[in-house]
Amino acid sequence: MTQPEHREKFQQFPIHIFNSLSRNKELFTPLNPPRVGLYNCGPTVYGDPHLGHARAAVNFDVVFRYLQYLGYKVRYVRNITDVGHLEDEVAETGEDKIEKKAKLQQLEPMEIAQRYTNTYRHFMHLLNILPPSIEPTASGHIPEQIYVIKKIIENGFAYVMNGSVYFDVQAYAEKYPYGELSGKVLEELQSNSRVLEGQEEKKSAFDFALWKKAKPEHIMKWDSPWSVGVPGWHLECTAMSSKYLGIPFDLHGGGMDLKFPHHEGEIAQSKGAFGCEPVNYWMHNNMLTINGQKMSKSLGNFITLEELFTGKHALLEKEYSPMTLRFFMLQAHYGSQIDFSNEALLAAEKGYKRLMNTLQTLEKLQYEGTTSLDTALDAEINALTTSCYEYMSDDFNTAKTMASLFELGVKINAFYHQQLPLLSISSETFHLLKSTYIDFVQDVLGLENEESGDQHQIDSLMQLLIDMRQRARQNKDFATADKIRDDLKERGIHLKDEKSGNTTYTFS
RNA sequence: GGUCGCGUGGCCGAGUGGUUAGGCAGAGGUCUGCAAAACCUCCUACAGCGGUUCAAAUCCGCUCGCGACCUCCA
């Protein structure tokens with residue numbers, strides 16, 4: 001995919017990323033070009049993947065895709081958290097989320113983790129999200145996590161208490177600033193911290209566990225120098241990102257809700273263990289709301305991907321396809337909140353189909369003959385193709401990029417329907433238009449056609465019906481012709497008679 | 001309560017000191033046997049009130065409304 005023209009455009013529009021840490025848009029300079037290390041916080045596999053998972057995954061998939069498109073060699077690490085996160089209502093028992101579910105369902109903890117990992121991967125695949133280069137699990141990296149804890153203890157930023165190890169935030173804060181990413185002030189944290197049982201072990205309420213001693217009844221536990229127990233909440237990402245990407249690495253992503261305490265913890269652990277920032281650029285995608293309300297289980301507006309794709313949810317008027325969801329998300333910038341509603345999804349569905357129809361139209365376009373150049377039009381199309389790079393490089397602005405693609409689509413359709421002469425642009429411009437449009441829609445934004453079934457057989461069946469109707473039309477038997485068209489329409493297939501005399505069809 | 005952010009046309013959503021975002025919906029037109037699609041044209045907004053400026057939706061202040069984080073969370 002690394003074509004010379006990409007390099008040229010790339011040089012013209014170097015990538016700028018809004019770095020959550022500095023709160024500024026910064027020129028992206030990888031440490032070891034052309035290699036880029038990308039880390040994204042993946043799911044905790046104790047439940048069905050939902051819309052929030054999709055947003056994070058889609059956004060960083062586009063980052064991954066665009067970097068690769070420009071010729072970077074990207075190692076993309078997205079973890080699977082299969083251990084270690086405490087659940088609210090059982091926090092005082094130190095019980096593990098995954099373990100809790102296992103007991104309820106009488107399954108092995110790893111069986112649960114595996115099942116939801118499979119489900120997650122399945123839905124990511126439906127969303128056309130490229131698999132990461134490495135998908136490490138927390139449970140598979142216990143020694144690495146123990147190693148990080150040892151380093152932190154050695155450096156004096158952690159203490160052992162009754163077989164558990166806690167990060168000493170106060171000691172850390174004397175040497176490094178704490179709370180930079182999330183804008184937290186230590187004193188405020190202190191006064192606002194909720195008092196939980198089992199916290200009397202900690203020196204301060206905001207100290208966090210690096211290792212937690214297990215209760216005898218716990219099933220998921222590992223040996224360590226301190227106790228048989230489980231690793232802390234934020235440790236896996238530090239251990240696995242440093243292992244596979246080095247320290248520091250280039251780019252770390254995740255949902256905004258992870259800024260505190262998760263990513264703040266990662267920064268502290270990394271500096272505490274290795275004395276340096278874990279990563280140069282932090283990217284955070286914003287949250288979703290549903291009909292203007294926060295998506296949460298207690299509000300009953302929590303939508304899983306399966307519910308969205310099947311339409312089986314009280315808030316959904318119908319099902320929406322994976323590509324509709326992907327399109328919908330890409331029409332907004334990752335840094336903005338987006339609001340879900342049936343109207344918004346319906347609009348996205350239509351927009352997506354228009355984009356796909358244009359893509360198919362473009363593939364049918366043939367440039368033949370001699371140019372009779374329309375300089376203004378030629379320049380306009382050139383500028384629009386260039387703007388795709390410009391906008392993507394400007395903090396991955398998929399919304400603006402899509403706007404340019406739609407404007408190019410107007411030209412593509414006009415060429416195809418002979419509303420504009422194709423030969424009014426140069427052959428070079430035509431090929432640039434074609435490659436840019438196809439590449440950005442398919443490779444960069446990852447939007448693809450969703451037709452199902454055996455397309456070849458459907459085509460041949462459809463051709464049969466189209467021929468029959470054509471004959472009826474030639475005989476002015478419009479009743480028959482219209483019946484064929486209307487009956488197909490009832491079945492969700494739309495016929496279009498084109499100027500050229502050809503009839504094409506689309507699915508609704 | 002603390003911290004941060006947002007309020008854009010009928011809906012969704014970019015943008016952010018002077019110039020068309022885009023999608024969906026709606027109106028008119030071209031094309032068509034009729035449609036559909038496509039194309040053309042129109043609908044041209046920035047919560048309210050003040051202030052800065054030659055110029056503000058964009059900067060500042062206040063008011064109102066909303067959201068996120070502070071606790072597992074994408």
Side-chain angles (χ1 to χ4, degrees), chain A residues 23 40-44 46-47 49-60 81 84-91 97 179 182-185 187-189 191-194 196 206 233 253-262 284-289 292-297 302 327-328 331-333 335-352 354-355 357-358 361 387 391 397-407 409-420 473 476 478 481-482 485-486 489 494-499 503-506 508:
Chain A
R23 292 157 208 237
N40 187 211
C41 288
T44 302
Y46 69 98
H50 53 71
L51 295 174
H53 291 116
R55 165 103 119 143
V58 166
N59 286 133
F60 292 102
T81 299
H85 286 218
L86 296 169
E87 199 155 21
D88 220 1
E89 60 268 35
V90 292
K97 262 186 189 172
S182 53
K184 301 288 174 210
V185 181
E187 295 77 62
E188 283 164 8
L189 279 177
S191 58
N192 288 317
S193 234
R194 202 172 54 156
L196 294 168
F206 43 72
W233 308 355
M256 242 172 208
D257 50 345
L258 294 178
K259 270 189 180 178
F260 189 88
H262 186 61
H284 288 95
N285 62 275
N286 215 319
M287 302 288 103
L288 299 170
T289 55
Q293 277 193 305
K294 177 192 173 183
M295 186 172 88
S296 79
K297 282 178 179 164
F302 203 85
F327 178 96
F328 174 73
Q331 237 186 349
H333 187 256
S336 306
Q337 267 180 215
I338 43 175
D339 186 49
F340 260 68
S341 63
N342 280 287
E343 292 107 307
L345 284 168
L346 236 30
E349 184 175 63
K350 291 195 177 177
Y352 159 70
R354 183 166 147 83
L355 200 66
N357 286 340
T358 304
T361 297
S387 73
Y391 297 148
N397 197 324
T398 53
K400 286 190 99 176
T401 305
M402 291 226 282
S404 288
L405 291 171
F406 273 105
E407 290 197 59
V410 169
K411 307 300 177 196
I412 291 164
N413 283 313
F415 288 139
Y416 184 75
H417 295 282
Q418 285 123 47
Q419 289 144 330
L420 273 177
R473 289 176 75 206
K476 306 265 184 226
F478 294 122
D482 288 353
R485 187 174 59 195
D486 293 344
K489 191 178 175 186
H494 296 271
L495 292 186
K496 288 176 283 187
D497 298 325
E498 293 179 355
K499 234 180 186 174
T503 298
T504 59
Y505 69 94
T506 54
S508 65

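Since the model is a prediction, treat every value here as computed from it, not as a measurement. In what follows, chains carry the letters A, B, and so on, assigned in the order in which the sequence lines appear, proteins first and then strands, with residues in each chain numbered from 1.
Nucleic acid contact class of Met287(A) (heavy atoms, under 4.0 Å, all strands): base. Residue-level contact check: Ala344(A) touches the backbone only, with heavy atoms under 4.0 Å from sugar-phosphate atoms and none from bases. Nucleic acid contact for Asp497(A): base, since at least one base atom lies under 4.0 Å from a heavy atom of the residue.
With hydrogens and angles ignored, no donor-acceptor pair under 3.5 angstrom links the side chain of Arg354(A) to the base of G23(B). No hydrogens or angles were tested; on distance alone, nothing pairs the side chain of Arg23(A) with the base of C4(B) as donor and acceptor under 3.5 Å. Taking only distance into account, the side chain of Arg485(A) meets the base of A35(B) through a donor-acceptor pair shorter than 3.5 Å. Side-chain N/O atoms of Asp482(A) and base N/O atoms of G33(B) include a donor-acceptor pair closer than 3.5 Å.
Here A74(B) is the nucleotide among A38(B), A74(B), G15(B) with the atom lying nearest to any side-chain atom of Ala56(A). The side chain of Gln331(A) has G22(B) as its nearest neighbour among C34(B), G22(B), C70(B).
In this structure A47(B) sits in a base pair with U63(B), meeting the Watson-Crick or G-U test at under 3.5 Å.
In this structure, NE2 of His333(A) is placed 14 Å from C1' of U16(B), rounded to the nearest angstrom.
One finds a salt bridge joining Arg485(A) and Asp482(A) here, because a Lys/Arg side-chain nitrogen approaches an Asp/Glu carboxylate oxygen to under 4.0 Å.
No aromatic stack links Phe406(A) and the base of G23(B), using centre distance under 5.5 Å and interplanar angle under 30°.
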